[in-house]
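This report concerns only the one structure given below.
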Amino acid sequence: MKIVSPQTLFTDRGPQAIILLHSYTGSPNDFRSLMRGLAQADYSVYAPLFTGHGTNNPTDVLTKGSVQAWWQDTQQAIDFVQQHNKHLLAIFGLSLGSIFALKALENYPQIDLGGVFGSPMFASDMTNVRAGFFQYSQKIEQHQDLGFGQQAQQQRLIEQLLNPALNSISQTTLEVRQQLSQIKQPLFIGHGSNDEIINNISSKLLREHVQTTVDFHLYPNAGHVITVNKARPQLEQDLLQFLSKNRSITN
């Protein structure tokens, strides 16, 4: 079976655009269904592939990716939308992507709306994220033609690099959290009640700490990636309502 590598996705529809930023072990593929729903509502949607992601080597996330690279990816996504003569209506992020979606709202007040899904902004630790990365690497290794020695070497490299990488993400999260008062745009917050990676308390605390209008949704019995799990149909409906309501206000 041929494995098709994830890549940046762009659906060019209406004059108003939405940017979607994926998670630490995810890709734009996690937004495909959601993009179709948004496109049917005449929104253009851009979902960039973060640096280091989408390859057949899980260590690329750690060696090629970084918080600096992903923030640059976010800025380039904003530039891309503007170069295509679209009005950037909203930016949303899933998990890791939520950190940069919030940072974009802090630094680009011209963006009308924003939101987060499964945000770690107030997560107490990264233990489950760390475990999730090893599960991600093991899944990729199933499609790699590696000997036992090569697999062991790759695992040792992950052990060496993962904690410093997660510490860097935590530091960036803290920096973004300290600037939350800069966000004036209406904010959508969605989280699965059974999130196995980031406890939904994180999103509840985010709701309490921002100083703007919040549309908060806790999706019953849903896990972390609410853009693809059982929460997705309701999430899509809620997002379209949020966009429609606030689009009329911002126009």
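Here the structure is a predicted model, which means the values were calculated and not measured. When reading the values below, keep in mind they use all heavy atoms of this one structure, side chains included, and skip hydrogens, waters and symmetry mates.
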Please check: side-chain N/O of [X] versus main-chain N/O of [Y], any donor-acceptor pairing under 3.5 Å?
X	Y	result
Q185	L105	yes
D73	T51	yes
S202	I198	no
D215	F242	no
T172	S168	yes
T63	T59	yes
T212	K184	yes
N29	P6	no
R177	M121	yes

Any side-chain heavy-atom pair from [X] and [Y] closer than 4.5 angstrom?
X	Y	value
Q82	D79	yes
H84	S44	no
L34	V45	no
R207	K204	yes
I183	Q211	no
L235	H217	no
V67	I169	yes
N221	K230	yes

What is the minimum heavy-atom distance between [X] and [Y], and which atoms define it?
X	Y	result
T11	A39	CG2-CB, 3.6 Å
T173	P120	CG2-O, 3.9 Å
N229	P233	O-CD, 4.2 Å

Are [X] and [Y] close enough that their ring centers fall under 6.0 Å?
X	Y	value
H22	F31	no
H191	F117	no
H53	W70	yes
F216	F188	no

TODO: Please identify each residue that fulfils side chain to side chain contact (heavy atoms under 4.5 Å, CB included) with A77, with sequence neighbours left out.
DONE: I19, Y46, P48
Rounded at 0.5 Å granularity, tell me how far [atom1] in [X] sits from [atom2] in [Y].
X	Y	atom1	atom2	answer
Q16	D42	CD	CG	9.0 Å
Q83	I78	CD	CD1	12.0 Å
E106	S181	CD	OG	8.0 Å
L206	I189	CG	CD1	4.0 Å
R130	F133	CZ	CZ	10.5 Å
I158	Y136	CD1	OH	9.5 Å

Any donor-acceptor N or O pair under 3.5 Å, side chains [X], [Y]:
X	Y	answer
D238	Q234	yes
Q179	E175	no
D60	T55	yes
T227	D30	no

If you count heavy atoms of other groups shown closer than 6.0 angstrom to [atom1] of [X], is the number above 12?
X	atom1	value
Q241	CD	no
I201	CD1	no
Q153	CD	no

Open item on the list: Between E236 and R232 (salt bridge meaning N to carboxylate O under 4.0 Å), is one present in this structure?
Closed with: yes
TODO: Begin with the C-alpha distance, continue with both residues' side-chain angles, and end with the deciding distance and a verdict on side chain to side chain contact (heavy atoms under 4.5 Å, CB included) for L243 and L38.
DONE: CA-CA 10 Å; L243 292 165; L38 294 171; 3.7 Å; yes
TODO: Let me see the working for L113 and I111 under side chain to side chain contact (heavy atoms under 4.5 Å, CB included), right down to the final yes or no.
DONE: CA-CA 6 Å; L113 313 167; I111 303 175; 5.9 Å; no
Open item on the list: When you measure from the centre of the six-membered ring of Y43, is the NZ or CZ of R13 closer than 6.0 Å and no more than 45° off the axis?
Closed with: no
Task: Full working for side chain to side chain contact (heavy atoms under 4.5 Å, CB included) between R32 and V228 - done: CA-CA 9 Å; R32 283 188 179 274; V228 298; over 6 Å; no
Without placing hydrogens or testing angles, list every side-chain donor-acceptor pair under 3.5 Å for residues 88-103, not counting sequence neighbours.
from, atom 1, to, atom 2, distance (Å)
S95, OG, H224, NE2, 3.0
S98, OG, S95, O, 2.6
S98, OG, S119, OG, 3.1

Task: Intermediate values then yes/no, side chain to side chain contact (heavy atoms under 4.5 Å, CB included), N128 and E196 - done: CA-CA 7 Å; N128 291 338; E196 69 284 5; over 6 Å; no
- [ ] State yes or no: do L49 and Y24 share one hydrophobic cluster built from I, L, V, M, F, W and Y residues joined by side-chain heavy-atom distances below 4.5 Å, directly or via other members?
- [x] no
Task: Hydrophobic cluster identity match, V129 and L205, side-chain contacts under 4.5 Å - done: yes
